[in-house]
Amino acid sequence: MCAYWLFKSESSVFSIADLQKSPKKTTCWNGVRNYQARNFFRDAVRKGDLVFFYHSNTDPNAIVGLCEVVKSGYGDYTALDPDSEYYDPKSTKENPLWYMVDIRFKEAFAKPLTLDQLRHIPGLENFRLLQRGNRLSVLPVTETEAHLLLAQAKANT
DNA sequence: GCCAACGTTGGC
DNA sequence: GCCAACGTTGGC
């Protein structure tokens, strides 16, 4: 049983095109410094899970493609690097405070699912991405929601 | 650039 | 443990 997730990224910081250009089309998703997101990485995101890639703070904001988790949660080493902007002295190698996962590019949608479009899809009323004030950068997607998203992406050609 | 919503910090 | 202040996120 694979689960579904949505990862947010500002396209100017790291876009799906950047992922596609990465070695083996794979990257570690580091720099998550929010406890809720951390808990997902540590306890729930598993190898084989499907990830919707979302561009935030861009125009238009949209789900732009799909990736696959290729490595479950492990210690985020940027937290150990004093030169990193993600450095956190409370984290150690033995006792990581922050976690990351690895994802591999799967597909870029021919036409991204824009935020505006998502708001009009029946069945997504409770989708966390669409909820007011939502700021979580790693969020769970239910199987029902995932199927709706995949169907819409397919229909969007 | 603005502002609402949220998470975190720190004083008490 | 409460809550005000602050910093950040993210849509517009």
Side-chain angles (χ1 to χ4, degrees), chain A residues 3-22 27-45 49-67 69 72-103 105-142 144-146 148-153 155-156:
Chain A
Y4 303 92
W5 305 93
L6 181 141
F7 291 4
K8 284 185 201 171
S9 181
E10 296 193 28
S11 58
S12 59
V13 178
F14 189 84
S15 70
I16 195 160
D18 294 326
L19 175 59
Q20 215 168 348
K21 282 181 290 189
S22 300
T27 190
C28 54
W29 202 264
N30 59 25
V32 167
R33 295 294 178 269
N34 166 285
Y35 286 102
Q36 248 186 301
R38 188 280 308 264
N39 292 347
F40 286 136
F41 275 2
R42 190 189 55 190
D43 307 329
V45 179
D49 287 356
L50 198 64
V51 176
F52 292 90
F53 197 117
Y54 177 80
H55 284 173
S56 66
N57 270 313
T58 181
D59 190 22
N61 298 319
I63 298 176
V64 291
L66 292 174
C67 318
V69 177
S72 303
Y74 61 106
D76 183 340
Y77 53 73
T78 62
L80 308 175
D81 175 4
D83 293 328
S84 168
E85 59 175 314
Y86 301 121
Y87 179 59
D88 187 339
K90 294 193 292 296
S91 192
T92 65
K93 195 162 192 287
E94 293 69 31
N95 246 324
L97 181 60
W98 303 111
Y99 284 74
M100 58 189 185
V101 302
D102 289 356
I103 59 168
F105 174 84
K106 241 176 125 69
E107 126 177 44
F109 294 150
K111 280 177 95 179
L113 302 175
T114 65
L115 191 58
D116 184 59
Q117 192 179 12
L118 295 174
R119 290 193 198 283
H120 291 96
I121 299 177
L124 291 186
E125 291 81 7
N126 295 319
F127 188 26
R128 277 183 86 164
L129 180 71
L130 304 179
Q131 277 160 27
R132 185 184 173 82
N134 163 58
R135 293 171 47 187
L136 199 55
S137 63
V138 173
L139 45 99
V141 179
T142 67
T144 311
E145 289 161 352
L148 287 169
L149 294 173
L150 293 171
Q152 188 60 52
N156 248 5

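Just so we're on the same page: letters track the sequence lines, and every chain starts at 1.
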Query raised in the report: Mapping A:Asn57 and A:Arg132 to their closest nucleotides on DNA chain B, which lands nearer the 5' end?
Result: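 Closest to the 5' end, via its nearest nucleotide, is A:Asn57.
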
Query raised in the report: Angle class for the A:Trp29/A:Phe7 ring planes (parallel below 30°, perpendicular above 60°, tilted otherwise)?
Result: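 Ring orientation of A:Trp29 relative to A:Phe7: tilted.
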
Query raised in the report: Does A:Phe14 offer a backbone N or O that forms a donor-acceptor pair with the side chain of A:Ser9 under 3.5 Å?
Result: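 Confirmed, A:Ser9 side chain pairs with A:Phe14 backbone.
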
Query raised in the report: Can you tell which of A:Leu139, A:Val51, A:Leu136 makes a side-chain contact (heavy atoms from CB on, under 4.5 Å) with A:Leu6?
Result: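 So the option named by the test is A:Leu139.
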
Query raised in the report: Does the side chain of A:Lys8 reach to within under 4.5 Å of the side chain of A:Leu129, using non-hydrogen atoms?
Result: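 The answer is yes; the side chains approach within 4.5 Å.
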
Requested in this report: Report yes if the side chains of A:Glu145 and A:Tyr4 come closer than 4.5 Å at any heavy-atom pair, otherwise no.
Outcome: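 Answer no - side chains too far apart.
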
Query raised in the report: Looking at residues at least two apart in the chain, or sitting in another chain, which of them share a salt bridge (Lys or Arg N to Asp or Glu O under 4.0 Å) with A:Asp43?
Result: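 Testing A:Asp43 for salt bridge (Lys or Arg N to Asp or Glu O under 4.0 Å), a comparison that skips the adjacent residues, returns none.
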
Report task. Under 4.0 Å from any heavy atom of chain A: name the first and the last nucleotide of DNA chain C that qualifies, 5' to 3'. Result ->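 Span of nucleotides near chain A: C:dG7 to C:dC12.
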
**Report entry** Ring-ring centroid check A:Trp98 A:Tyr35, cutoff 6.0 Å
**Finding:**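 Yes, the ring centres sit under 6.0 Å apart.
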
**Report entry** Nucleic acid contacts of residues 74-90 of chain A, taken as heavy-atom distances under 4.0 Å to DNA chain C
**Finding:**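 Residues of residues 74-90 of chain A that come under 4.0 Å of DNA chain C do not exist, since none gets that close.
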
Query raised in the report: Which atoms form the tightest heavy-atom contact between A:Lys111 and A:Asn156, and what is the distance?
Result: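 In terms of heavy atoms, the two residues are closest at CD-O, 2.9 Å.
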
